[in-house]
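Notes for the one structure printed next.
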Protein chains: 2
Amino acid sequence: MLSKKSQYAFKALAYLAERCDEGPVLIADISKKKKIPLKFLENILLELKKAGILDSKKGKGGGYFLKKDPSKVKVAHVIRLVNGPIAMLPCVSLYFYERCKDCNEKSCRLHDMMVEVRDASLNILENRTLKDLIN
Amino acid sequence: MLSKKSQYAFKALAYLAERCDEGPVLIADISKKKKIPLKFLENILLELKKAGILDSKKGKGGGYFLKKDPSKVKVAHVIRLVNGPIAMLPCVSLYFYERCKDCNEKSCRLHDMMVEVRDASLNILENRTLKDLIN
DNA sequence: AATAAGTCTATCAAATTAGTAGGATAATAT
DNA sequence: ATATTATCCTACTAATTTGATAGACTTATT
């Protein structure tokens, strides 16, 4: 399951995507409209900024805004950033791979099955962007 | 990601599925061969028994064994039992549904997307069984 | 200089995960 | 009967993760 943090991140990103031509948006504004705890949201947005998805401006008239066009930010990328692996097993993850101890990957049928699940999920998540989150 | 408990459960179930015509298998045997902490495995197997997947016999000649044919036990069912929801969001889960607070499901595009991911995953996991875990 | 906003670091409580301990119960063998 | 074998059960603990908060700091604007 996606963490609450991830859900907040998507809500905030969707909100920013809807307003991506209107200049910076206040954290407090997002927090209020999307009912996300302010300080928690601060941390999340900062993280997304450091990851290159958002940018910000300080002082009056400042706030957060998308650094790229919503259609350029993949949902899979956001999940990996905020939530971690998409795969169901470490031995099957593309970005967070870890060898399975005491298990031969070549002959593990669970491995194969989880590769299938991963690919089915990625087929969707790699082809959807923040643009698809806008109503 | 699947918990270690889930991974252990699948290893144990695969082991039992391979030996489903050979009578009861000792917990200690599974623990040793699959390198699963003994006491942890005890708890897991007991849980699977209570869920109706396994049965057991006490005393000499006892042990655990599959209650049904391996081809009758769906992978999706085991995941839900041991790991919990398969869906990425509570508002999209079939067996662990929870309403999304402060979010209108009808107009939430993330919701739609996660329904797609869920169905893509279930399409695989509901159609694979313990039999598919045997080499 | 005052104000408005994001930045940073640290901390905290609750929940979850992974694993352990040890006795209780039941089936079998002698 | 009783000793042995093996599962059953309840509780506990340690480590990690998650969700959230506090407060001082920095930077931009007026």
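Note on naming: letters A, B, ... go to the chains in the order of the sequence lines (proteins, then strands), and numbering restarts at 1 for each one. All of these numbers come straight from a predicted model, not from anything done at the bench.
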Under 4.0 Å protein heavy-atom contact, by nucleotide of nucleotides 21-30 of chain C - B base, S sugar-phosphate only = BB--BSBS--
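- In this structure, B:Lys49 places its NZ atom 7 Å from C1' of D:dT7, rounding to the nearest Å.
- By the 4.5 Å heavy-atom criterion applied to side chains, B:Pro70 and B:Cys20 are counted as neighbours.
- Listed by residue number, there are no residues of residues 73-97 of chain B with a heavy-atom contact under 4.0 Å to DNA chain C.
- Legend: salt bridge (Lys or Arg N to Asp or Glu O under 4.0 Å) pairs involving residues 49-59 of chain B, not counting sequence neighbours: none detected.
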Table please: side-chain donor-acceptor pairs of residues 109-117 of chain B below 3.5 Å, with sequence neighbours left out.
| from | atom 1 | to | atom 2 | distance (Å) |
| --- | --- | --- | --- | --- |
| B:Glu116 | OE1 | A:Arg128 | NH2 | 2.8 |
| B:Glu116 | OE2 | A:Arg128 | NH2 | 3.2 |

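- Look at CG on A:Leu46: it is 14 Å from P on D:dT27, rounded to the nearest Å.
- Under the 4.5 Å side-chain heavy-atom criterion for ILVMFWY residues, no single connected hydrophobic cluster contains both B:Leu122 and A:Leu125.
- One interatomic measurement links the two molecules: CG of A:Leu54 to P of C:dG6, which rounds to 12 Å at whole-angstrom precision.
- Between B:Glu47 and B:Lys5 there is a salt bridge, with a side-chain nitrogen of the basic residue lying less than 4.0 Å from a carboxylate oxygen of the acidic one.
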Would you be so kind as to tabulate the donor-acceptor pairs closer than 3.5 Å made by side chains of residues 23-31 of chain B, with sequence neighbours excluded?
| from | atom 1 | to | atom 2 | distance (Å) |
| --- | --- | --- | --- | --- |
| B:Asp29 | OD1 | B:Tyr15 | OH | 3.2 |
| B:Asp29 | OD1 | B:Lys33 | NZ | 3.2 |
| B:Asp29 | OD2 | B:Tyr15 | OH | 3.2 |
| B:Ser31 | OG | B:Ile36 | O | 2.7 |

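- The CD-C1' distance, from B:Glu47 to C:dG19, rounds to 14 Å in whole Å.
- Residue B:Leu45 contributes atom CG, which lies 14 Å from atom C1' of D:dC9 at whole-angstrom precision.
- We find that CZ of A:Phe40 is positioned 14 Å from C1' of C:dA13, with the value rounded to whole Å.
- In this structure, B:Leu38 places its CG atom 15 Å from C1' of C:dA18, rounding to the nearest Å.
- Of the residues B:Leu66, B:Ile44, B:Val75, B:Leu45, the one that meets the side chain to side chain contact (heavy atoms under 4.5 Å, CB included) test with B:Leu13 is B:Leu66.
- Listed nucleotides: D:dC9, C:dT7, D:dA20. Nearest to the side chain of A:Tyr64: C:dT7.
- Note that the NZ atom of A:Lys74 and the CG atom of A:Asp132 stand 12.5 Å from one another [nearest 0.5 Å].
- Hydrophobic clustering, with ILVMFWY side chains joined whenever heavy atoms are under 4.5 angstrom apart, groups B:Leu48 together with B:Leu46.
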Side chains of residues 78-88 of chain B: which donor-acceptor partners sit under 3.5 Å, not counting sequence neighbours?
| from | atom 1 | to | atom 2 | distance (Å) |
| --- | --- | --- | --- | --- |
| B:Arg80 | NH1 | B:Glu126 | OE2 | 3.1 |
| B:Arg80 | NH2 | B:Glu126 | OE2 | 3.1 |
| B:Asn83 | OD1 | B:Ser3 | N | 2.8 |
| B:Asn83 | OD1 | B:Ser3 | OG | 3.1 |
| B:Asn83 | OD1 | B:Ser6 | OG | 2.6 |

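- In this structure, A:Phe65 places its CZ atom 11 Å from P of C:dG6, rounding to the nearest Å.
- Shown here are the side chain to side chain donor-acceptor pair (under 3.5 Å) partners of A:Ser71, two or more places apart in sequence or in another chain: A:Asp69.
- By the side chain to side chain donor-acceptor pair (under 3.5 Å) test, B:Lys60 pairs with no residue at all, sequence neighbours left out.
- Using a 4.0 Å cutoff on non-hydrogen atoms, the parts of residues 4-34 of chain A near DNA chain D are A:Lys4, A:Lys5, A:Tyr8, ordered by number.
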request  = Produce a footprint string for nucleotides 12-17 of chain D: one letter per nucleotide, 5' end first; B if the base is under 4.0 Å from any protein heavy atom, S if only the sugar-phosphate is, - if neither.
outcome  = ------
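- Considering only residues two or more places apart in sequence or on other chains, B:Tyr95 meets the ring-ring contact (aromatic ring centres under 6.0 Å, His included) condition with none of them.
- Partners of A:Tyr8 under the ring-ring contact (aromatic ring centres under 6.0 Å, His included) rule, at least two apart in sequence or in another chain, are A:Phe40.
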